[in-house]
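Worksheet: one structure, shown below.
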Amino acid sequence: MDKIVIQGGRRLRGSVPVSGAKNAALPLLFATLLGSGVSRLQNVPELRDIRTVAKLLQIFGAEVRCDDGSMEVDTRSVLSVEAPYELVKTMRASVLSLGPLLARFGHARVSLPGGCAIGARPINLHLKGLEAMGAEIELDHGYVEARAARLKGARIYLDLPTVTGTENLMMAATLARGETVLENAACEPEIVDLAEALIKMGATIEGAGTDTIRIQGADDLVPYEHKTMPDRIEAGTFLVAGAITGGDLTVTGARERHLEALIAKLREAGAAVTETGSGLHVSAPERLSAVDIKTSYHPGFPTDMQAQFMALMCLAEGTSLIRENVFENRFMHVCELQRMGADITIDGHTAKIKGVESLCGAPVMATDLRASASLVLAGLAAENTTEVARIYHLDRGYEKIERKLVAVGASIERVAAD
Ligand code: UD1
C-alpha cells in the first residue's frame, strides 16, 4: 500500500489550484438519476469516491463516460434500483442514491452504510423525511427498501441540519406531487450548487443556502450541464498548509464566501489572508498565536477542517481549545499528532492543545480522510521525515495532493510500500 513521505520544514510559496468539490460532485452525480438522458458535469475531481459513484451508476444501468475532469451520465437505460453493500460500505454518501431512485422509479433498495471511523452517523433523518413524503420504508437484511408510487410534498423539520439528508430530500422532492418545505435545512454551499443543477433540470427550488428550502415538485426533469463548485475543504487545507509552513501561498479558485469562519480564525491567529482576483492568498509569520474553535454547521467552523486546524494549533504560541460539536468521535488524529511531539489532552468533545516549538517527523497513519490531511500538514512543518500510511483515505478527498504541494516547494512524495 502506498505511503506519503515528507521532509518537513520547507516554506510553501507560489500558487496551488483547487479541484472541483468532492462533496458537491457526489450529489450532483446522483441527481442525474432524476431525469432521462445525458447529463454533463464538469470540474469533477479524480478521486476514489467519484469512481465509486460511477460504479454505482453503472450498476443501476447508466452509461458513464469520464474524460479529463468531465463526466457524462446517460440514464436512459437505468433498470436496477439496488445499491449493493459492497460499494455502499466503501462510501457512505452512496445513500444519496435513495432519494433520486425512489422519486423517479417508485422503488429503491440501498444498503445501510453501517458505522464509520468518525462516529455512528445514522440516516434516520433521511428516512423520516421520505416517510413524511409518503414512502413506505422497511429494513431488510441490512438494506433500506423504500417504495412510493409517487412521493407527495410535505413539510419536514430536520432535527439536525444534516447535509446529505437535506440533499437527499431536496432531490426526492423535485419529482413529488406538490410543495415540500424543508425546515432547519443544511445551508452548506454544496447544497446551493446542487439546487442550481436541479433548477437547470427543470426543478423549482427557493431558499437553498438558507435554513428553509421550498421545492415545487415537477412531473419530470431533463438532464443538466453543470460545472462543479471548487472544493472549499481542499482550499482550506491549502490555506492551513501555507500558514503552518510560514509560507506565502495563493490558493487559486478558493472563494472567501465559502470559508469565512476558517479565514476569520486564521487571521485571529496572526496569518494574513486576502482575496486576490484568482483566489485567496495566505502568508504567515514563523509562529502563530493559539486561538479556540468550535465546529458547527455552515456558516460555522466546518468539522471537515477541525483536524487540519488542530495541526496548526500544535505549533502555535499558547494554548487553544478545539471543541468538536458535529461528530462524536472525530479526534483520532490526536494520538498520531502526539507521536510527532504535540501536547494535546482530550476531555470529552474538547481537545486542549498546548503549542510546542517544533514537531518531530514520525511514521503515522490515519483513520479517516481529514485526519490524514492533518498529518500531512503536521509533516510539512515537522523536523525530519514523516511517513503517512493508509493514504487511501487521503485519496478519497484530495486530488493529486503530493503533486500540487511539490509544485509550491514541499518535499513530499508517494512511495509504493514493500
Ligand atoms: C456531510 C459531508 C461530510 C461532513 C458532514 C458535516 C458529504 C458527502 N459529506 O456528511 O464531509 O463532515 O456533512 O459537515 O457531503 N445525523 C443524524 N441523523 C441523520 C443524519 C445525520 O443524527 O439522519 C447526524 C450525524 O450523526 C452528525 C450530524 O447529524 O452528527 C451531521 O451529519 P451530516 O450533516 O448528515 O453529515 P453527512 O451528510 O453524512
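Indexing begins at 1, ligand by ligand and atom by atom, following the structure's order. If you're wondering where the values come from, they're calculated on a predicted model, not measured in any experiment.
Within the 4.0 Å heavy-atom cutoff, Arg330 counts among the residues contacting ligand 1.
For a threshold of 3.5 Å applied to N or O pairs, the pair formed by Leu160 and ligand 1 contains no separation below that value. Some N or O of Val326 is nearer than 3.5 Å to an N or O of ligand 1, by distance alone. Note: an N/O pair closer than 3.5 Å links Thr164 and ligand 1 by distance alone. Taking any N or O of Asn124, backbone or side chain, at least one lies under 3.5 Å from an N or O belonging to ligand 1. Some N or O of Asp304 is nearer than 3.5 Å to an N or O of ligand 1, by distance alone. Residue-to-ligand polar distances keep Glu167 apart from ligand 1: every N/O pair is separated by 3.5 Å or more. Geometrically, ligand 1 and Phe327 share no nitrogen or oxygen pair separated by less than 3.5 Å. An N or O contact shorter than 3.5 Å is missing between Thr303 and ligand 1 by distance.
For Ala382, the side chain to side chain contact (heavy atoms under 4.5 Å, CB included) partners two or more places apart in sequence, or in a different chain, are Met340, Leu359, Thr386. Annotation: ring-ring contact (aromatic ring centres under 6.0 Å, His included) contacts of Tyr224 (sequence neighbours excluded): none.
Scanning Pro122, Ser296, Gly397, Pro113 for the heavy atom closest to atom 22 (O) of ligand 1 points to Pro122.
Atoms of ligand 1 found under 4.0 Å from any heavy atom of Ile123 (numbered from 1 in listed order, with element): 19 (C), 23 (O). Ligand 1 places these atoms under 4.0 Å from at least one heavy atom of His126: 23 (O).
In this structure, Phe309 has its ring center closer than 6.0 angstrom to the ring center of Phe301.
For the pair Glu136 and Arg147, the salt-bridge criterion is not met [side-chain N within less than 4.0 Å of a carboxylate O]. A salt bridge does not link Asp347 to Arg323: none of the charged side-chain nitrogens sits closer than 4.0 Å to a carboxylate oxygen. Checked for salt-bridge contact, Arg390 and Glu336 miss the test: no charged N lies under 4.0 Å from a carboxylate O.
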(request) Walk me through it: do Thr212 and Leu182 pass the test side-chain contact (heavy atoms from CB on, under 4.5 Å)? (result) CA-CA 6 Å; Thr212 306; Leu182 300 177; over 6 Å; no
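In summary, of the residues considered (Arg339, Arg414, Lys3), a salt bridge (charged side-chain N to carboxylate O under 4.0 Å, His left out) with Glu387 occurs for Lys3 alone.
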